[in-house]
**Q** 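Before I ask anything, here is the structure I am working with.
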Amino acid sequence: MGLGARIKQAVQDWLEIQPSIGESIVIQEVNSFKGTCFRNLLWYRGDPAELHQYYTQIDDQVGNSKFWAALATTGINFRKIHTGLPALIIDMLADIVVDALNKIEITNNVKAEEIWEEIQKDNDFKEIIKQAIIDVLVEGDGAFKISYDTSISKYPIIQFYSGMDVDFDYKMGRLDKIIFKTYYYKGNTKYLLKECYSKEGIKYRLLKNEKDIAELDEVPELKELQEISQNNFIMAVPIMFNKSKKFKGRGQSILEKKIDDFDSFDEVWSQWIEAIRDNKTNTYIPEDLLPTDKKGNILKPNTWDNRFVQIGSAASENEGSKVIRESGQFDYEKMLQSYITALDLCLQGLISPSTLGIDVKKLDNADAQREKEKVTLYTRNKIIRVLEKVLPTLAITCLKVYDKAQNKIPGEYEATTDFGEYSSPSFEAVVETVSKARPGQAVMSIERTVEEMYGDSLTKEEKAEEVKRLKEEQGILQKEEPSVLGW
């Protein structure tokens with residue numbers, strides 16, 4: 001033992017210092033992964049009745065102090081309004097990404113490219129991709145399942161299972177199995193089919209009431225299922241845009257860190273509407289002037305068409321009973337500032353207000369608007385980076401499944417995906433900036449200009465004719481090059 005260590009030991013012995021025994025902290029998770037997916041799905045569905053039922057039945061470990069968990073205690077009911085903002089954000093992001101998808105191309109096999117085109121048409125591929133993006137943004141992850149059923153189609157069938165209906169099994173940190181879960185109901189019996197997809201093939205397991213193992217023929221729809229072995233590739237493709245720190249090996253929804261912000265935003269808007277209702281013009285009517293029906297019974301006040309406050313009749317000889325009308329005071333500026341702040345918190349890091357069509361002219365100057373627009377591009381690019389890996393893998397897997405169904409050895413394919421750069425919301429700003437940098441110069445070719453302007457509204461022949469006409473107007477003529485030998 002060195003001199004320093006002996007001095008330290010002597011000081012500890014003299015002061016009787018005891019080493020720390022550590023601390024034990026127990027934290028209880030409110031939701032499982034499946035429960036988290038279900039909660040996020042309720043926010044996307046946007047039904048106020050469902051949100052109210054959910055939050056009044058769970059214990060969130062913070063005293064159920066959220067707006068959607070609040071209950072009336074004085075007998076005076078209040079209206080809860082959901083703005084629908086989570087669904088607007090997710091649907092807009094999905095539309096932006098899908099609209100930018102130009103094509104998925106098989107680069108090393110012309111015949112495979114033709115088959116892939118037919119597979120896309122048969123599966124309504126873009127619609128599947130759009131719904132998959134929505135499900136992953138809501139629930140965190142999911143997987144494409146590729147199956148084959150000649151009674152439905154001669155091509156592979158692509159289905160997407162969201163996070164609640166799929167499990168991932170990892171080995172040494174690498175994905176080993178994907179388990180798809182499907183429920184069937186026969187009378188009072190609930191069946192759960194688990195389809196295990198791995199490199200070894202496909203295996204099925206049917207559970208009755210989620211406990212007992214059952215035979216596949218107990219469910220008529222499953223009696224023709226056949227297990228597959230010796231596949232050497234997984235007939236499924238997982239997808240997630242963000243990895244969860246809470247649930248290892250699973251994805252994270254973009255709503256996960258914004259739930260409290262959405263709850264506060266709904267509270268602000270509900271209070272705004274309630275304040276408008278409370279600050280309507282009130283009518284104070286003395287008892288002897290209260291409205292009555294034909295039988296002389298006093299009519300009860302109604303919230304909308306017959307709203308008044310009953311007061312005592314005047315007892316003075318010099319002053320008769322009068323009906324008094326008073327207007328309430330509504331603090332518009334305070335409400336607006338609360339609304340803007342809550343909205344800003346909901347959108348931070350996800351999407352720009354202008355992308356959602358929110359008028360921000362009164363809130364930001366032009367520079368601030370352009371900076372906020374970058375948020376949409378960042379989120380979009382993050383989604384696209386994942387899809388640039390997932391979609392080619394999906395195309396290659398579909399072709400391998402097709403080969404296997406044709407009793408062929410699965411081929412080796414290469415695929416690429418193309419997303420249009422000009423489909424971003426800031427295209428106009430880019431063109432304006434480049435035009436200023438090159439004054440008086442064309443920033444796009446005539447062919448690209450026609451393509452961007454007309455898109456799919458014109459055929460290739462019509463676009464070529466339009467390009468030819470524009471070039472002729474500019475004095476650009478195209479002639480065949482004469483042969484040197486005069487042939």
**Q** So for atom CD, which belongs to Gln406, do other residues, nucleotides or ligands contribute more than 12 heavy atoms lying within a distance under 6.0 Å?
**A**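 More than 12 within 6.0 Å, yes.
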**Q** Between Tyr44 and Asp91, is any side-chain donor less than 3.5 angstrom from a side-chain acceptor?
**A**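 Checked: Tyr44/Asp91 side chains pair up, N/O donor to acceptor below 3.5 Å.
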**Q** Within the 4.5 Å heavy-atom criterion, are Ile133 and Leu387 side-chain neighbours or not?
**A** yes
**Q** Mind listing the closest non-hydrogen atom pair of Phe168 and Pro238 along with its distance?
**A** CE2-CB, 3.7 Å
**Q** Is there a side chain to side chain contact (heavy atoms under 4.5 Å, CB included) between Glu274 and Arg79? Walk through the geometry before answering.
**A** CA-CA 7 Å; Glu274 192 71 19; Arg79 183 183 179 188; 4.2 Å; yes
**Q** Taking the side chain as everything from C-beta on, heavy atoms only, tell me whether Lys203 gets closer than 4.5 Å to Ser198.
**A** no
**Q** More than 12 heavy atoms of other residues, nucleotides or ligands under 6.0 Å from CD1 of Ile409: yes or no?
**A** no
**Q** Is Arg205 salt-bridged to Glu227, cutoff N-O under 4.0 Å?
**A**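 Judged by the 4.0 Å cut-off on N to carboxylate O distance, Arg205 and Glu227 do not form a salt bridge.
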**Q** What do the steps show when you test Asp217 against Leu222 for side chain to side chain contact (heavy atoms under 4.5 Å, CB included), and what is the final call?
**A** CA-CA 6 Å; Asp217 55 10; Leu222 307 179; over 6 Å; no
**Q** So, the side chain of Thr376 versus the backbone of Ser352: is there a donor-acceptor pair under 3.5 Å, distance only?
**A** yes
**Q** Examine distances only and state if a side-chain atom of Lys190 and a backbone atom of Tyr183 form a donor-acceptor pair shorter than 3.5 Å.
**A**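 Not at all, since once roles are kept as given, no pair shorter than 3.5 Å links the two residues.
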**Q** Answer yes or no: are there more than 12 heavy-atom neighbours, outside Lys246 itself, under 6.0 Å from its atom NZ?
**A**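 Count over threshold, so yes.
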**Q** Counting N and O atoms only, with roles assigned by atom type, does the side chain of Lys181 sit under 3.5 Å from a partner on the main chain of Tyr161, one being a donor and the other an acceptor?
**A**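 Answer holds: no.
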**Q** Answer yes or no on whether Lys382 is positioned over the face of Phe241, meaning its NZ or CZ is under 6.0 Å from the six-membered ring centre and within 45° of the axis.
**A** no
**Q** Distance-only, no hydrogens or angles: does the Tyr204 side chain make a donor-acceptor pair with backbone N or O of Leu225 under 3.5 Å?
**A** no
**Q** A side-chain contact here means heavy atoms from C-beta on lying under 4.5 Å apart; do Asp261 and Leu347 qualify?
**A** no
**Q** Kindly give the heavy-atom pair with the smallest separation between Ala132 and Phe144, and that separation in Å.
**A**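 Taking Ala132 first and Phe144 second, the nearest heavy atoms are CB-CZ, 3.7 Å.
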**Q** Can you tell me if NZ on Lys177 sees more than 12 non-hydrogen neighbours from other groups inside 6.0 Å?
**A**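 No - once you tally the heavy atoms of other residues, nucleotides and ligands closer than 6.0 Å, there are 12 at most.
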**Q** Taking all non-hydrogen atoms of both residues into account, name the closest pair between Val136 and Gly142 and its distance.
**A**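 In this case the closest contact between Val136 and Gly142 is CG2-N, 4.4 Å.
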**Q** Could Lys103 and Asp418 be called an ion pair, given the rule that one side-chain N must be under 4.0 Å from one carboxylate O?
**A**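 Looking at Asp418 together with Lys103, the answer is no, because their closest N to O distance does not fall below 4.0 Å.
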**Q** Please give me the minimum heavy-atom distance between Ser229 and Lys404, naming the atom from each residue.
**A**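 Minimum heavy-atom separation between Ser229 and Lys404: O-NZ, 4.1 Å.
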**Q** Looking only at atom types and distance, does a side-chain atom of Asp141 sit under 3.5 Å from a main-chain N or O of Gly251, one as donor and one as acceptor?
**A**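 Side chain of Asp141 to backbone of Gly251: a pair is present.
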**Q** May I ask you to decide whether Lys199 forms a salt bridge with Asp176, counting only side-chain N to carboxylate O separations under 4.0 Å?
**A** no
**Q** What do you reckon, is NZ of Lys34 surrounded by more than 12 foreign heavy atoms closer than 6.0 Å?
**A** no
**Q** To the nearest 0.5 Å, how far apart are OH in Tyr155 and CG in Asn123?
**A** 11.0 Å
**Q** When rounded to the nearest 0.5 angstrom, what distance separates CG in Asp124 from NZ in Lys126?
**A**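 Going from the CG atom of Asp124 to the NZ atom of Lys126 covers 11.0 Å.
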**Q** Output yes when a side-chain donor or acceptor of Trp272 lies under 3.5 Å from a complementary backbone atom of Ser338, and no otherwise.
**A** no
**Q** What are the two closest heavy atoms between Ile158 and Ile119, and how far apart are they?
**A** CD1-CG2, 4.3 Å
**Q** Side chain of Asn108, backbone of Glu412: donor and acceptor closer than 3.5 Å?
**A**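 Confirmed, Asn108 side chain pairs with Glu412 backbone.
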**Q** Measuring from atom OG1 of Thr36 to atom CG of Leu255, what distance do you get when rounded to the nearest 0.5 angstrom?
**A**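 These two atoms lie 11.5 Å from each other.
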**Q** Is it the case that the side chain of Asp167 and the backbone of Ile179 share a donor-acceptor pair, with hydrogens and angles ignored and the cut-off at 3.5 Å?
**A** no
**Q** In Å and rounded to the nearest 0.5 Å, what is the CD1 to CD distance from Ile104 to Gln120?
**A**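 These two atoms lie 5.5 Å from each other.
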**Q** Output, in order, the C-alpha distance, side-chain angles, deciding distance and verdict of side chain to side chain contact (heavy atoms under 4.5 Å, CB included) for Gln348 and Lys258.
**A** CA-CA 9 Å; Gln348 278 180 6; Lys258 295 290 184 179; 3.7 Å; yes
**Q** CZ/Arg39 to CD1/Ile259 distance, rounded to the nearest 0.5 angstrom?
**A**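 Output value for this atom pair is 4.5 Å.
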**Q** For a ring-ring contact (aromatic ring centres under 6.0 Å, His included) check, start with the C-alpha distance between Phe125 and Trp116, then their side-chain angles and the critical distance, and finish with the verdict.
**A** CA-CA 11 Å; Phe125 188 69; Trp116 170 240; 5.2 Å; yes
**Q** Taking side chain as C-beta onward, heavy atoms only, is Thr379 less than 4.5 Å from Ile254?
**A**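 They are not in contact (no side-chain heavy atoms under 4.5 Å apart), so the answer is no.
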**Q** Side-chain contact, heavy-atom cut-off 4.5 Å: Ile178 with Val237?
**A**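 Side-chain contact under 4.5 Å: no.
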**Q** Spell out, as yes or no, whether a donor-acceptor pair under 3.5 Å connects the side chain of Asp122 to the backbone of Glu118.
**A**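 Not a single qualifying donor-acceptor pair exists.
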**Q** Between Asp59, Asp260, Asp263, which is the residue that forms a salt bridge (Lys or Arg N to Asp or Glu O under 4.0 Å) with Lys66?
**A** Asp260
**Q** Okay, side chain of Gln57, backbone of Gln53: is any donor-acceptor separation there less than 3.5 Å?
**A** yes
**Q** Can you check ring-ring contact (aromatic ring centres under 6.0 Å, His included) on Tyr339 and Phe265, steps first, answer last?
**A** CA-CA 7 Å; Tyr339 177 88; Phe265 186 54; 5.1 Å; yes
**Q** Is the shortest side-chain heavy-atom distance between Arg250 and Met240 below 4.5 Å?
**A**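 Side chain of Arg250 against side chain of Met240, heavy atoms only: no contact under 4.5 Å found.
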**Q** Between Trp43 and Tyr54, is the gap from one ring center to the other below 6.0 Å?
**A** no
**Q** In sequence, state the C-alpha distance, the side-chain angles, and the governing distance for Phe262 and Leu51, and then conclude on side chain to side chain contact (heavy atoms under 4.5 Å, CB included).
**A** CA-CA 12 Å; Phe262 291 134; Leu51 288 169; over 6 Å; no
**Q** Classify the side-chain pair Glu221/Tyr184 by whether it contains a donor and acceptor separated by less than 3.5 Å.
**A**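 The criterion, which ignores hydrogens and geometry beyond distance, is not satisfied for Tyr184 and Glu221.
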**Q** Kindly indicate whether the side chain of Asn209, heavy atoms from C-beta on, has any atom under 4.5 Å from the side chain of Thr189.
**A**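 With C-beta onward as the side chain, the pair touches.
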**Q** With distance as the sole criterion, is a donor-acceptor pair present between the side chains of Asn232 and Lys400 under 3.5 Å?
**A**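 No, Lys400 and Asn232 have no side-chain donor paired with an acceptor closer than 3.5 Å.
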**Q** Between atom CD of Glu465 and atom CZ of Arg469, what is the distance when rounded to the nearest 0.5 Å?
**A** 9.0 Å
**Q** Sequence neighbours left out, what pairs pass side chain to side chain donor-acceptor pair (under 3.5 Å) with at least one residue falling in residues 388-399?
**A** none
**Q** Is Val166 close to Glu195 at the side-chain level, that is, under 4.5 Å between some pair of heavy atoms?
**A**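 No, their side chains stay 4.5 Å or more apart.
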**Q** Do you know which two heavy atoms are closest between Ile106 and Ala415, and how far apart they sit?
**A**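 Minimum heavy-atom contact is CD1-CB, 3.8 Å.
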